[in-house]
Amino acid sequence: MTDKRSYTDWQAAADKEVKGRDLTWATPEGIDVKPLYTSEDTADLDPGVPGFAPFTRGPYASMYTGRPWTIRQYAGFSTAEESNAFYRRNLAAGQKGLSVAFDLATHRGYDSDHPRVVGDVGKAGVAIDTVRDMEILFDQIPLDTMSVSMTMNGAVIPVLAFYIVAAERQGVSQAKLAGTIQNDILKEFMVRNTYIYPPEPSMRIVSDIIAYTSANMPKFNSISISGYHMHEAGATAVQELAFTIADGKEYAKRAMEAGLDIDAFAPRLSFFWGIGMNFFMEIAKMRAARHLWHDVMTDLGAQNPKSKMLRTHCQTSGVSLQEQDPYNNVIRTTMEAMAAVLGGTQSLHTNALDEAIALPTDFSARIARNTQLVIQEESGITNVADPLGGSYYIESLTAALVEQARAMLEEVDAAGGMTAYVATGKPKAQIEEAAAAKQAHIDRGETVIVGVNKYRKAEEDPIETLDIDNHAVRQSQIARLEQVRDGRDKAACDAALKALTEGSKSGGNVLALAFEAARHDATLGEISSAMEEVFGRYDTMPKPVRGIYSTAYKGDMRYAQVVEGVQAVERRLGRAPKLMVAKMGQDGHDRGANVIASAFADMGFEVVSGPLFQTPRETLEMALDQGVDAIGASSLAAGHKTLIPELIGLLKEAGRSDIKVIAGGVIPQKDYDFLREAGVQGIFGPGTNVVEAAAEVLRLLGHNMPSADDELEAAE
């Protein structure tokens, strides 16, 4: 029998080994993690058992010992035909459910022939304009047996209506449809920005979908409350937890206010978490989420245990993937997948190794899918329900997350709920502050990214990436749109669209009305516009946070040198150098743009943040009006080969080729020469150090700025 020792005994022994150095780690969440946990830390904690309230250890008693999680792959690109072929290959190779990625034109409620989406069609997902597109997307995929998850929020009404009508034309009734529609609009106003309508009518749409599906689609999840996009935007685990649970609470309250019984709809609510590289934190986050949701639903009056049971899908992080040394991404995704599984997910998507720079190829998608198959079939993890339950560290971390998230939930409640809290801008600002702080830690090397800011290769190995011919896809979609419009009963379609507009005014269920319009082959853009007549279209102007980089880099010589360079340019120009950060196209992911705007402003640049969703001409007009020296075009959705060259052409026509154009974001190395030939003067891909990017911009503006390598040689 071993001699029992306390934490104090261990600390004394450890102090001798590390000469009294404090081994405590402060997480981004502000949790002090000790180097050792013992039974003393969990003496007052009872995590229970899987399948029983508060469900900390899992929503089901048997968990994976009865049935493993569902293997999903989030995919969609180009045309419905190409995506359908990709889906069927994946299903034949072991995938169990479909998760559909739509292109940005679809997300934002525009048909493919709309002038605002020239560079977006088919690039970051599949283009869906009509029910006919949806029929092709699911050709030879039986919708009465296949679970389908659709990541859609802004244009959720026409997309869900198309899905229901496509199933109907396949001979499948609504009652048999199984799957999930994301339908989580609040997080769009915080981080992802693929909204269409203002918050209040958007919340009404959420309630209408919950009401319709509760009455007609008993196997279908009416909402997937998403923390994933908060995670990807830079939120801490506590922020992701609190804001996502608060979103879910708000949706439930709105449905109840609309007259629905909580136990009639709550069992069909589901969640969606992002899983990053802090392995144990991610496991604890999922366990804390189940505990918190149980308590929230209990407080709202739910009686059915299934109403209090948080079920979730997970996706490994896209932000953790790196362009440099990309095969390391396989290791990262494997670790994140393990965390999701050990945290008790019900379904999982694993990102492909090349998704830092492009859509996945068949080769990379197979590795991503097989990652799950190997864990499921070879690791033995499925033999035990919640194998980490009772871990001193895991239980302590779970309890700490619950406590901190509860405090944040109380702040949301005090503000009047999540809709009111989102309107204050506080959650978006908090997430942006966390994102800027994370990037500063990476740039300073305090957070290690292997192959990026440590152990970097002298020369990167090229990898094959998928490239979409945006022009060809758009022409194909326009041709099908014309066929559908020519072949439909125009009078019946117009009448259904008019009824949708009137119902939007009078309080009718917009999904039921859109379903009838879809039956008469109304297009996605037409259905969206019919509601927009009443609801309007929502727009916001980015407001980047300040002070994060200047605080993180206080005393740093290289940062100070860049600041001095900015001041030198200011003396020469008689004003601060002016950079416009532009987001062209329909991509609303603004983390990178906001980090750049925040950091450059801290370094002394005058930063003009353009509104989201600009066209190249609108960017030109704003740049000329503001008198900028350079335009930084942020591209995360593969529109760089169309939108940026168009902007450069417009600058030439205006006689302002002196305005420098730089590009940043998700841009494959193989496109760099194309962009340079088009006139782009600086390219900053994933993993770029923001301070060095500022130094390069100063050189482009004519300042003799030494490189980081020059400084290193001088120091040596």
Side-chain angles (χ1 to χ4, degrees), residues 66-103 106 125-152 156-183 209 212-224 267-268 270 272 311 313 346-350 360 362 365-366 368-370 372-373 376 480 484 511 514-516 518-519 521 524:
R67 187 182 71 177
W69 66 94
T70 300
I71 298 173
R72 293 188 182 276
Q73 289 299 101
Y74 176 56
F77 59 92
S78 186
T79 62
E81 290 90 343
E82 288 205 45
S83 290
N84 171 262
F86 186 77
Y87 292 160
R88 287 195 282 126
R89 290 196 299 272
N90 286 358
L91 291 169
Q95 185 177 311
K96 302 299 182 185
L98 294 179
S99 292
V100 182
F102 298 94
D103 75 354
T106 304
V126 61
I128 298 293
D129 295 313
T130 62
V131 173
R132 181 60 191 144
D133 288 332
M134 195 71 84
E135 288 182 275
I136 295 168
L137 187 68
F138 295 118
D139 181 41
Q140 300 180 59
I141 297 174
L143 293 178
D144 54 345
T145 59
M146 179 59 61
S147 172
V148 176
S149 174
M150 292 179 285
T151 301
M152 178 53 63
V156 63
I157 288 294
V159 164
L160 187 51
F162 288 175
Y163 171 68
I164 295 169
V165 175
E168 182 179 70
R169 292 179 181 178
Q170 206 182 80
V172 178
S173 69
Q174 296 180 36
K176 292 182 179 180
L177 294 175
T180 304
I181 188 81
Q182 192 163 96
N183 191 29
I209 289 172
Y212 185 93
T213 54
S214 296
N216 300 286
M217 303 166 69
K219 296 168 66 178
F220 197 81
N221 298 322
S222 57
I223 190 168
S224 175
R268 300 313 304 175
S270 66
F272 174 26
R311 298 164 302 107
H313 171 68
Q346 278 60 69
S347 66
L348 176 62
H349 163 76
T350 33
D362 279 7
R366 182 173 184 272
R369 182 178 58 252
N370 285 352
Q372 293 196 56
L373 289 171
Q376 207 170 87
R480 185 143 61 227
V484 169
L511 178 56
F515 171 53
E516 289 303 320
R519 274 179 152 175
D521 288 309
L524 177 130

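Between the side chains of Ser99 and His349, no donor-acceptor pair is found at a separation under 3.5 Å. For the residue pair Thr350 and Gln372, a side-chain donor N or O sits within less than 3.5 Å of a side-chain acceptor on the partner.
Within the 3.5 Å criterion, the main-chain N or O of Ser222 finds no donor-acceptor partner in the side chain of Thr180. Put simply, the side chain of Asn84 gets close to the backbone of Leu137: a donor and an acceptor are under 3.5 Å apart. Proximity of a side-chain donor or acceptor of Thr106 to a complementary backbone N or O of Phe102 within less than 3.5 Å is not detected.
By the side chain to side chain contact (heavy atoms under 4.5 Å, CB included) test, Ala178 pairs with Lys219, sequence neighbours left out. Residues forming a salt bridge (charged side-chain N to carboxylate O under 4.0 Å, His left out) with Arg169 (at least two apart in sequence, or on another chain): Glu135, Asp521. Here Arg132 pairs with nothing under the side chain to side chain donor-acceptor pair (under 3.5 Å) rule; sequence neighbours left out. Scanning for ring pair (Phe, Tyr, Trp, His ring centres under 6.0 Å) contacts around Phe220 gives Tyr163, with sequence neighbours left out. With sequence neighbours excluded, the residues that form a salt bridge (charged side-chain N to carboxylate O under 4.0 Å, His left out) with Asp133 are Arg480.
At a threshold of 4.5 Å between non-hydrogen side-chain atoms, the residues Ser224 and Phe272 count as touching. Contact annotation: the side chain of Met150 never approaches that of Leu98 to less than 4.5 Å [non-hydrogen atoms, C-beta and beyond]. By the 4.5 Å heavy-atom criterion applied to side chains, Arg311 and Asn221 are counted as neighbours. Between Gln182 and Ile223, every side-chain heavy-atom pair lies at or beyond the 4.5 Å cut-off. Side-chain contact between Val148 and Leu143 is present, with at least one heavy-atom pair separated by less than 4.5 Å. Using a 4.5 Å heavy-atom cutoff, the side chains of Phe138 and Met146 are not in contact. Counting heavy atoms from C-beta outward, Val100 and Val126 have side chains that approach closer than 4.5 Å. Between Leu177 and Val172, the closest side-chain pair of non-hydrogen atoms falls below 4.5 Å.
Each side chain to side chain donor-acceptor pair (under 3.5 Å) pair with one or both residues in residues 139-148, not counting sequence neighbours, appears once here: Arg72-Ser147.
Scanning both residues, Met134 and Val159, for their nearest heavy atoms gives CE-O, 3.4 Å. Nearest heavy atoms, Ile164 versus Met217: CD1-SD, 3.8 Å.
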Query raised in the report: Would Phe515 and Glu168 satisfy side chain to side chain contact (heavy atoms under 4.5 Å, CB included), going step by step from the backbone distance to the final call?
Result: CA-CA 11 Å; Phe515 171 53; Glu168 182 179 70; 3.7 Å; yes

Report task. Go through the steps for Ile181 and Met152 under the test side chain to side chain contact (heavy atoms under 4.5 Å, CB included), then give the verdict. Result -> CA-CA 7 Å; Ile181 188 81; Met152 178 53 63; 4.1 Å; yes

**Report entry** Criterion side chain to side chain contact (heavy atoms under 4.5 Å, CB included) on Ile209 and Leu160, from CA distance to verdict
**Finding:** CA-CA 9 Å; Ile209 289 172; Leu160 187 51; 3.9 Å; yes

**Report entry** Test side chain to side chain contact (heavy atoms under 4.5 Å, CB included) applied to Ile71 and Gln376, step by step
**Finding:** CA-CA 9 Å; Ile71 298 173; Gln376 207 170 87; 3.8 Å; yes

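Atom CZ of residue Phe162 and atom CD1 of residue Ile157 lie 11.5 Å apart, to the nearest 0.5 angstrom. Rounding to the nearest 0.5 Å places CD of Glu81 at 4.5 Å from CD1 of Ile136. In this structure, OG1 on Thr79 lies 11.0 Å from CG on Asp103, to the nearest 0.5 angstrom. Taking OG from Ser214 and CZ from Arg268, the interatomic distance works out to 9.5 Å, rounded to the nearest 0.5 Å.
The local environment of CZ in Arg67 is sparse, with at most 12 non-hydrogen atoms from other residues, nucleotides or ligands closer than 6.0 Å.
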